[in-house]
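Keep in mind that this is a model prediction, so the values were computed, not measured. The first residue in the sequence is number 1, and the count goes up from there.
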Amino acid sequence: MARQVNEFGAELVKDRPDRFGYFATVPLPDPDAAVAAATYALDELAADGVVLLANTDGVYLGHPGHDPLLAELDRRCAVVFVHPSELPAPPVPGLPPFAADFLLDTTRAAANLVLHDVPRRYSNLKIILSHAGGFLPYAAHRITAALVAETGRGYEEILEDLRGFWFDTAMSGSPSALPSLLAFARPDRVLFGTDWPFAPEVAVAHFTGEYDRYPGLDPASHHAIDRDNARALFARLA
């Protein structure tokens, strides 16, 4: 199935290279198949990167079992887009997973990647966290303190690793989320996103409108998020 999806994506890009790019799907939790799929997609299908779930069957990204895949991606200086999945826990009745659980899922993945020193061991990876990194910008210093206690590493080192991710603005263009994101993320690592088609058009329009009207961004910053930061990230693939 992953191969079918990736070949379909590659055909779309081939037909409309002026409009489309794509991230390849890999079949975790099978590590060997995931490596094979990523290698084929990046080397033969010219994928722009891969998309990985924050957790697969309750195993969070960054687990040592993912090292063969991460090493292969690192050798190719790959872009890795991290998207949440359902939490490995029962949902709260009446509260759909996308409302809060997805944000926690992404936050857990980011913290687990740093816990296992992935940003430093695989420093060629360009990891994008969807939805403004979940709760990471807001809770970064609290998470850093926990990881210092767990690993014995320096506070600033861990905080630097957490800030080293890229962040998209999907479903996060609100006047309460943007200040936290922009205060934490490096300015050149914030990317425009919408979550369409999974988010309905009315939600995309709402959060994009809030982002467009946000007074804390000048025109140059808007242009960077809307276009320039992504162009710089993918420039090596041109």
Side-chain angles (χ1 to χ4, degrees), residues 28-29 31 50-71 73-74 78-92 95-172 174-191 193 195:
L28 284 176
V50 302
V51 57
L52 300 178
L53 293 178
N55 90 84
T56 305
D57 288 348
V59 177
Y60 274 87
L61 195 59
H63 183 276
H66 297 152
D67 279 356
L69 173 61
L70 296 176
L73 296 173
D74 184 72
V79 175
V80 177
F81 178 63
V82 178
H83 195 277
S85 181
E86 292 189 6
L87 285 177
V92 177
L95 185 66
F98 73 82
D101 291 357
F102 281 5
L103 303 176
L104 176 57
D105 203 45
T106 302
T107 306
R108 284 181 169 187
N112 200 54
L113 286 164
V114 174
L115 173 65
H116 291 283
D117 207 19
V118 167
R120 292 180 184 262
R121 291 191 296 119
Y122 303 114
S123 59
N124 293 320
L125 295 178
K126 314 295 191 296
I127 301 175
I128 306 170
L129 302 178
S130 55
H131 310 130
F135 302 129
L136 179 60
Y138 180 83
H141 287 265
R142 180 170 179 156
I143 292 169
T144 297
L147 295 181
V148 167
E150 185 69 26
T151 67
R153 293 166 55 200
Y155 192 97
E156 292 301 324
E157 178 182 301
I158 288 178
L159 191 62
E160 180 183 353
D161 288 350
L162 292 173
R163 292 186 69 236
F165 296 112
W166 279 257
F167 302 80
D168 82 10
T169 64
M171 301 289 286
S172 304
S174 71
S176 57
L178 284 172
S180 181
L181 172 63
L182 298 174
F184 178 68
R186 298 177 187 177
D188 62 339
R189 297 196 174 190
V190 181
L191 312 169
D195 215 28

Subject >> Pairs meeting criterion salt bridge (charged side-chain N to carboxylate O under 4.0 Å, His left out) with involvement of residues 100-115, two or more places apart >> reply: none
Original post:
Looking only at heavy atoms, which two atoms of G62 and N112 are closest? And how far apart?
Top reply: C-ND2, 3.8 Å
**OP:** Take atom CD of E157 as the centre, draw a 6.0 Å sphere, and report whether it contains more than 12 heavy atoms from other residues, nucleotides or ligands.
**Re:** yes
Original post:
Hey, are the side chains of P31 and L69 touching, using non-hydrogen atoms and a 4.5 Å cut-off?
Top reply: no
Original post:
Taking C-beta and beyond as the side chain, do I127 and P119 meet within less than 4.5 Å on heavy atoms?
Top reply: no
**OP:** For residues T169 and L191, determine if any side-chain heavy atom of one lies less than 4.5 Å from a side-chain heavy atom of the other.
**Re:** no
Subject >> Straight-line distance of L162 CG to H141 NE2, nearest 0.5 Å >> reply: 9.5 Å
**OP:** Take atom CZ of F184 as the centre, draw a 6.0 Å sphere, and report whether it contains more than 12 heavy atoms from other residues, nucleotides or ligands.
**Re:** yes
Original post:
L181 versus F167: any side-chain heavy-atom pair under 4.5 Å?
Top reply: yes
Original post:
What are the two closest non-hydrogen atoms of Y60 and A109, and how far apart are they?
Top reply: CD2-N, 3.8 Å
**OP:** Step by step, work out the side-chain contact (heavy atoms from CB on, under 4.5 Å) result for F102 and M171.
**Re:** CA-CA 11 Å; F102 281 5; M171 301 289 286; over 6 Å; no
Subject >> Point-to-point distance, once rounded to the nearest 0.5 Å, from OG1 of T144 to OH of Y155 >> reply: 5.0 Å
Subject >> Test item: D168 side-chain N/O and S130 main-chain N/O as donor-acceptor pair under 3.5 Å >> reply: no
Original post:
When you measure from the side chain of H131 to the backbone N and O of G133, does any donor-acceptor pair fall under 3.5 Å?
Top reply: no
Subject >> From V50, I128, L129, residue fulfilling side chain to side chain contact (heavy atoms under 4.5 Å, CB included) relative to F81 >> reply: I128
Subject >> Any K126 side-chain heavy atom under 4.5 Å of V80 side chain >> reply: no
Original post:
Under a 4.5 Å cut-off applied to non-hydrogen side-chain atoms, are L53 and L61 in contact?
Top reply: no
Original post:
Hey, does F165 have a side-chain heavy atom less than 4.5 Å from the side chain of L113?
Top reply: yes
Subject >> Any donor-acceptor N/O pair, D161 side chain to D117 backbone, under 3.5 Å >> reply: no
Original post:
Are R153 and E160 ion-paired here, with the side-chain N under 4.0 Å from a carboxylate O?
Top reply: no
**OP:** Please report the closest heavy-atom contact between A100 and L95, naming both atoms and the distance.
**Re:** CB-CD2, 4.4 Å
Original post:
Are the charged groups of R121 and D74 less than 4.0 angstrom apart, N to O?
Top reply: no
Original post:
Just wondering, do R186 and W166 contact through their side chains at under 4.5 Å, heavy atoms?
Top reply: no
**OP:** Tell me, with the steps shown, if H83 and T106 meet side-chain contact (heavy atoms from CB on, under 4.5 Å).
**Re:** CA-CA 7 Å; H83 195 277; T106 302; over 6 Å; no
**OP:** Please identify each residue that fulfils side-chain hydrogen bond (donor to acceptor under 3.5 Å, both in side chains) with S174, with sequence neighbours left out.
**Re:** S176
Original post:
What is the distance from atom CG of L147 to atom CD1 of I158, rounded to the nearest 0.5 Å?
Top reply: 5.0 Å
**OP:** Test side-chain contact (heavy atoms from CB on, under 4.5 Å) on I143 and T107 and set out the steps.
**Re:** CA-CA 9 Å; I143 292 169; T107 306; 3.7 Å; yes
Original post:
What heavy-atom pair brings L104 and L87 nearest, and what distance separates the two atoms?
Top reply: CD2-CD1, 3.9 Å
**OP:** Could you give me the CA-CA distance, side-chain angles and deciding distance for V114 and V118, then say whether side-chain contact (heavy atoms from CB on, under 4.5 Å) is met?
**Re:** CA-CA 6 Å; V114 174; V118 167; over 6 Å; no
Original post:
Does S172 use its side chain to pair, donor to acceptor, with the backbone of A177 at less than 3.5 Å?
Top reply: no
